[in-house]
Amino acid sequence: MSIKCAFLFPGQGSQAVGMGQDFFNNADIAKQMVADASARTGIDFEKLLFEENDDLEKTEFTQPAILLVSAIAHKLFENEMPIKPVFALGHSLGEFSALVSVGALDAIDAVELVNLRGKLMAEACAGQDVGMMVSLGLADDVVEEICAAQREAGMKVWPVNYNAEGQIVIAGVKSDLEVLAPLLKEAKAKRAMLLNMSVASHCPLLESATGPLSEKLREMLKDEFIAPVISNVTAKPYSTKAEALDLLPKQLVSPVLYKQSIADFDDSVDCYVEFGHGGVLKGLNRKATTKPHFVVSDMASLETALTEIAKLNA
């Protein structure tokens, strides 16, 4: 197949009760992966994914739930259309789903790995009232300067997710973020709003999580990349276990360069395929690219993606 696809994988914030249910109801491989993930972690994924609960919003459960649904979506797609992507790119947690898609991580190992990642992040933030805030409508350098000035004044606030033009997420201590909001609005931000997050991702507050994550990565990563993964830390491709071992612990404490990654590699692909619930990355990519973007989130969207990609390739 000559069509050039990029595989995309969402991160935290894309979760919702019921995600993956259609796959589970209609595909034996989905049932098997849910059963295997439950057996490995002791998490009842049927209950977590398909029944109303509070756990889905807790990062140690959110992360494996999102990864599992993305891995199922990708597996079902791959079984029908075994194409090698030009690259795989995930947003934050999604980088681990991307590693599964290129063969560098086993799916069930990855579920266990990001369950641990979530626990480590929660432990690093325990006892600190932390959070995350989205700023809309300001240039990157304006947000960076405001945050830098506040850090000089002793506050803990960092720009951490470069999502799209004019959309940056800031992490830090919640009371410091609340001080930041009016300053962003004064600088003409359209919105400065606290997000429903219990951790402060991709900032120095997570330093204590990097060591234990490194150990688990060493045990689970495979040096078998069928395609490169774009690093959130550098916005550059990597395709070896050694590079992944260097970059993934840094990813916990470094900003996610998602917007930059799309901008740098858009010319190398014909289309994007996003695996998982919600189509969040399609929303982010709307301003950044005119290339077709397919979201595989249930059986119907899987069929659509397969049909449309086949047409593009004809």
Just list the side-chain donor-acceptor pairs under 3.5 Å for residues 31-46, sequence neighbours left out, or say none.
| residue | atom | partner | partner atom | Å |
| --- | --- | --- | --- | --- |
| K31 | NZ | F24 | O | 2.9 |
| Q32 | NE2 | D36 | OD1 | 2.8 |
| S38 | OG | V34 | O | 2.9 |
| S38 | OG | I43 | O | 3.2 |
| S38 | OG | F45 | N | 3.2 |
| R40 | NH1 | D109 | OD1 | 2.8 |
| R40 | NH1 | E112 | OE1 | 2.8 |
| R40 | NH2 | D109 | OD1 | 3.1 |
| T41 | OG1 | A37 | O | 2.8 |
| T41 | OG1 | I43 | N | 3.2 |
| D44 | OD1 | E46 | N | 3.3 |
| D44 | OD1 | K47 | N | 3.2 |

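In the model, S254 has no side-chain atom that pairs as donor or acceptor with a side-chain atom of H202 under 3.5 Å. Residues E243 and T240 have side chains that bring a donor and an acceptor to within less than 3.5 angstrom of each other. A donor-acceptor contact under 3.5 angstrom links the side chains of T59 and Q12, judged on distance only. Residues H277 and Q15 bring no donor and acceptor atom of their side chains to less than 3.5 Å of each other. With no hydrogens or angles considered, a side-chain donor-acceptor pair links H91 and N163 at under 3.5 Å. Side-chain contact, Q251 with R117: a donor N or O sits under 3.5 Å from an acceptor N or O. Between N232 and Y162, the side chains place no donor N or O within less than 3.5 Å of an acceptor N or O (distance only, hydrogens not considered).
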Just do the salt bridge (Lys or Arg N to Asp or Glu O under 4.0 Å) check on K236 and D264 with the steps written out, would you? CA-CA 9 Å; K236 291 183 169 56; D264 289 353; over 6 Å; no
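In this structure, CG in L120 is found 9.5 Å from CD in Q63, a value given to the nearest 0.5 Å. Between E95 atom CD and L93 atom CG the span is 10.0 Å, to the nearest 0.5 Å. For the atom pair K119 NZ and L213 CG, the distance stands at 13.5 Å (nearest 0.5 Å). One distance of note links CG of D270 with CG of N313; it measures 8.5 Å at 0.5 Å rounding. Rounded to the nearest 0.5 angstrom, L281 CG and L8 CG are separated by 6.0 Å. A distance of 10.5 Å separates CG in D298 from CD in E303, rounded to the nearest 0.5 Å.
Looking only at side-chain heavy atoms (C-beta outward), H74 and V100 stay at 4.5 Å or farther from each other. Side chains of M193 and M133 form no contact here, defined as non-hydrogen atoms less than 4.5 Å apart. In this structure, the side chains of D106 and M220 stay at 4.5 Å or more apart for every pair of heavy atoms. Looking at V229 and P237, their side chains never come closer than 4.5 Å, going by heavy atoms from C-beta outward. Using a 4.5 Å heavy-atom cutoff, the side chains of E178 and L194 are in contact. Using a 4.5 Å cut-off on side-chain heavy atoms (C-beta onward), C125 and M121 make no contact. Two residues are said to be in side-chain contact when any heavy atoms from C-beta on lie closer than 4.5 Å; S301 and V295 fail this criterion. Two residues are said to be in side-chain contact when any heavy atoms from C-beta on lie closer than 4.5 Å; L180 and I170 meet this criterion.
Note: the hydrophobic cluster containing V169 also contains W158 (ILVMFWY, side chain heavy atoms under 4.5 Å, direct or indirect links). When hydrophobic clusters are built by joining Ile, Leu, Val, Met, Phe, Trp and Tyr residues whose side-chain heavy atoms come closer than 4.5 Å, directly or via intermediates, I108 is not grouped with L221. V173 and V157 fall into different hydrophobic clusters, where Ile, Leu, Val, Met, Phe, Trp and Tyr residues are linked whenever their side-chain heavy atoms come under 4.5 Å apart, directly or through other members. Hydrophobic clustering places F96 together with L49 (ILVMFWY residues linked when any side-chain heavy atoms are closer than 4.5 Å, directly or through intermediates).
Although no hydrogens or angles enter the test, the distance criterion places a donor-acceptor pair under 3.5 Å between the side chain of N26 and the main chain of D22. Using modelled atom types, no side-chain atom of S214 and backbone atom of P249 make a donor-acceptor pair closer than 3.5 Å. N115 places a side-chain N or O within donor-acceptor distance of the main-chain N or O of E60, the cut-off being under 3.5 Å. Counting only distance, with no hydrogens or angles, the side chain of E274 and the backbone of K282 share a donor-acceptor pair below 3.5 Å. Remark: side-chain polar atoms of N53 are paired, donor with acceptor, to backbone N or O of L56 under 3.5 angstrom. Looking only at distances, no side-chain donor or acceptor of Q260 sits under 3.5 Å from a matching main-chain atom of V256. Judged purely by atom type and a 3.5 angstrom limit, S70 has no side-chain atom pairing as donor or acceptor with the backbone of L67. Under the 3.5 Å distance criterion, the side-chain polar atoms of D223 are matched with a main-chain donor or acceptor of K241. For K291 (side chain) and V269 (main-chain N/O), a donor-acceptor pair under 3.5 Å exists by modelled atom type. Here the side chain of S14 pairs no donor or acceptor atom with the backbone of P10 at under 3.5 angstrom.
For the pair V102 and P228, the tightest heavy-atom approach, listed with the atom from each and the gap, is CG1-O, 4.4 Å. When all heavy atoms of S261 and I230 are compared, the closest pair comes out as OG-CG2, 3.5 Å. For the residue pair G103 and K222, the shortest heavy atom distance occurs at O-CE, 3.4 Å. Here the closest heavy-atom approach between residue F225 and residue S239 is recorded as CD1-O, 3.3 Å. Between G13 and I66 the shortest heavy-atom distance is N-CD1, 4.4 Å. Heavy-atom minimum distance, L252 versus L206: O-CD1, 3.4 Å.
In summary, the aromatic rings of F294 and Y272 are positioned with their centroids too far apart to meet the 6.0 Å limit.
Contacts of D246 classified as salt bridge (charged side-chain N to carboxylate O under 4.0 Å, His left out), with partners at least two apart in sequence or in another chain: K250. Under the salt bridge (charged side-chain N to carboxylate O under 4.0 Å, His left out) criterion, D55 pairs with K58, not counting sequence neighbours.
Counting heavy atoms of neighbouring residues, nucleotides and ligands inside a 6.0 Å radius, atom CG of N79 exceeds 12 of them.
Ring-plane geometry between F9 and F275 is classed as parallel, the angle between the planes falling under 30 degrees on a 0 to 90 degree scale with a further cut at 60.
Salt-bridge annotation for E308 and K311: present, with a side-chain N of the basic residue lying under 4.0 Å from a carboxylate O of the acidic one.
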